[in-house]
Amino acid sequence: MLPAVARGYQGWFHPCARLSVRMSSTGIDRKGILANRVAVVTGSTSGIGFAMARRLARDGAHVVISSRKQQNVDRAVAELQGEGLSVAGIVCHVGKAEDREQLVAKALEHCGGVDFLVCSAGVNPLVGSTLGTSEQIWDKILSVNVKSPALLLSQLLPYMEKRRGAVILVSSAAAYYPAKELGVYNVSKTALLGLTRTLALELAPKDIRLHENESFWKNFKERHQLQRIGESEDCAGIVSFLCSPDASYITGENIAVAGFSSRL
């Protein structure tokens, strides 16, 4: 990211932007910090993905939400627009190339470019043994959870370059503390750790930062330092921060939102 740092914040907002970030004695005013920027969030009509989409929109971004069912998209769009937020929605099964293409087209409608990609969509169709998993299930989990984020990013990349944006891949603490019954799902989320580090190297010259946000999906109290079950909203603030100018010198990082540290 040295080329980006050398230019500082000059040109942070892309050509369609009309608003600036207001500064105060305490730093950047967070209201509208992502104004006139465009975010694509997959798997974002409920749960963690929805909370992330809402937070990005509340911080000023135009957000394109998506999931596999039209009724879920309609409900989520109506709720967020009812809050006065700038959002659009489209059905997208991230494992289907044609759906990804339509998602990209929808995002480009707003300003002809995309600044942020948050990959929250994921599947786990099987609870059971890793070695007892069929090839079909292996293919489905790895396709949606690992391959699809990379393929979607490759489709968006021409419209994200030189916009000083960010990519967030949503993983799970299962990448560090695998559960025996989750088998292949554990493997897919661990693979996202490597994908994050690898893509960060490729994207740095293009002024795109890459991060991984690890959401903890289950309450393992023996590991928790914060004695409560995490809420979807707990994952939203860090995503907005990683998309903001404040995080301009952070890339290739794995950040756990888990109620405990995943570091050894």
Side-chain angles (χ1 to χ4, degrees), residues 41-53 65-69 72 92-96 99-100 117-153 167-200 210-236 238-239 242 252-264:
V41 187
T42 68
S44 50
T45 59
S46 64
I48 292 173
F50 182 75
M52 291 173 175
I65 65 175
S66 67
S67 69
R68 293 179 293 174
K69 296 182 179 180
N72 293 342
C92 179
H93 185 313
V94 294
K96 297 180 179 180
D99 281 17
R100 295 195 302 268
L117 171 62
V118 182
C119 293
S120 181
V123 297
N124 182 37
L126 176 71
V127 175
S129 166
T130 304
L131 297 181
T133 299
S134 69
E135 184 173 357
Q136 181 182 13
I137 296 297
W138 269 99
D139 289 344
K140 181 174 183 177
I141 293 177
L142 294 180
S143 175
V144 172
N145 294 4
V146 183
K147 185 172 70 173
S148 292
L151 293 177
L152 178 57
L153 177 56
V167 178
I168 292 94
L169 305 181
V170 179
S171 181
S172 168
Y176 286 96
Y177 301 104
K180 180 175 61 176
E181 63 273 14
L182 292 182
V184 182
Y185 177 83
N186 298 328
V187 176
S188 72
K189 292 302 183 177
T190 303
L192 284 178
L193 304 179
L195 183 62
T196 300
R197 297 290 181 86
T198 300
L199 291 181
L210 199 130
H211 320 277
E212 184 170 57
N213 181 48
E214 302 162 16
S215 59
F216 198 52
W217 57 271
K218 193 174 182 180
N219 183 28
F220 288 157
K221 285 192 175 180
E222 67 272 19
R223 296 194 184 117
H224 273 210
Q225 294 165 1
L226 301 179
Q227 293 296 307
R228 67 178 178 84
I229 298 176
E231 303 290 341
S232 298
E233 288 73 18
D234 290 327
C235 300
I238 187 65
V239 171
L242 291 172
E253 188 59 78
N254 302 319
I255 301 175
V257 182
F260 69 94
S261 174
S262 61
R263 300 293 189 267
L264 296 178

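- Across all non-hydrogen atoms, the minimal contact from Ile65 to Ala53 is CG2-CB, 3.7 Å.
- Across every non-hydrogen atom of Ala236 and Ala51, the tightest pair is CB-O, 3.4 Å.
- Results of the side chain to side chain contact (heavy atoms under 4.5 Å, CB included) test with Leu193 over Asn254, Thr198, Leu169 single out Asn254 as the only residue that passes.
- Closest heavy-atom contact between Ser171 and Lys189: OG-O, 3.1 Å.
- Expressed to the nearest 0.5 Å, how far NZ of Lys140 lies from OG1 of Thr133 amounts to 13.0 Å.
- We find the CD-CG distance between Glu253 and Leu210 to be 11.0 Å, quoted to the nearest 0.5 Å.
- Contact detail for Ile238 and Cys235: the closest heavy-atom pair is CG2-O, 3.3 Å.
- Heavy atoms only, all atoms of each residue included: Ala179 and Asn186 are closest at O-ND2, 2.7 Å.
- From Trp138, atom CH2 reaches atom CG of Leu126 across 11.0 Å, with rounding to the nearest 0.5 Å.
- Judged by distance alone, the side chain of Ser44 and the main-chain N or O of Phe50 form no donor-acceptor pair under 3.5 Å.
- Between the Asn124 side chain and the Ile141 main chain, no donor and acceptor come within less than 3.5 Å of each other.
- Contact record, Asn145 with Gly122: OD1-CA, 3.2 Å, taken as the closest heavy-atom pair.
- Going from atom CG of Leu182 over to atom OG of Ser172 covers 8.0 Å, rounded to the nearest 0.5 Å.
- Defined by atom type and a distance below 3.5 Å, a donor-acceptor pair is missing between the side-chain atoms of Thr45 and Asn72.
- Judged purely by atom type and a 3.5 angstrom limit, Ser143 has no side-chain atom pairing as donor or acceptor with the backbone of Gly95.
- Atom OG of residue Ser120 and atom CD1 of residue Ile168 lie 11.0 Å apart, to the nearest 0.5 angstrom.
- A distance of 11.5 Å separates OG in Ser66 from NE2 in His93, rounded to the nearest 0.5 Å.
- By the 4.5 Å heavy-atom criterion applied to side chains, Val167 and Leu199 are not counted as neighbours.
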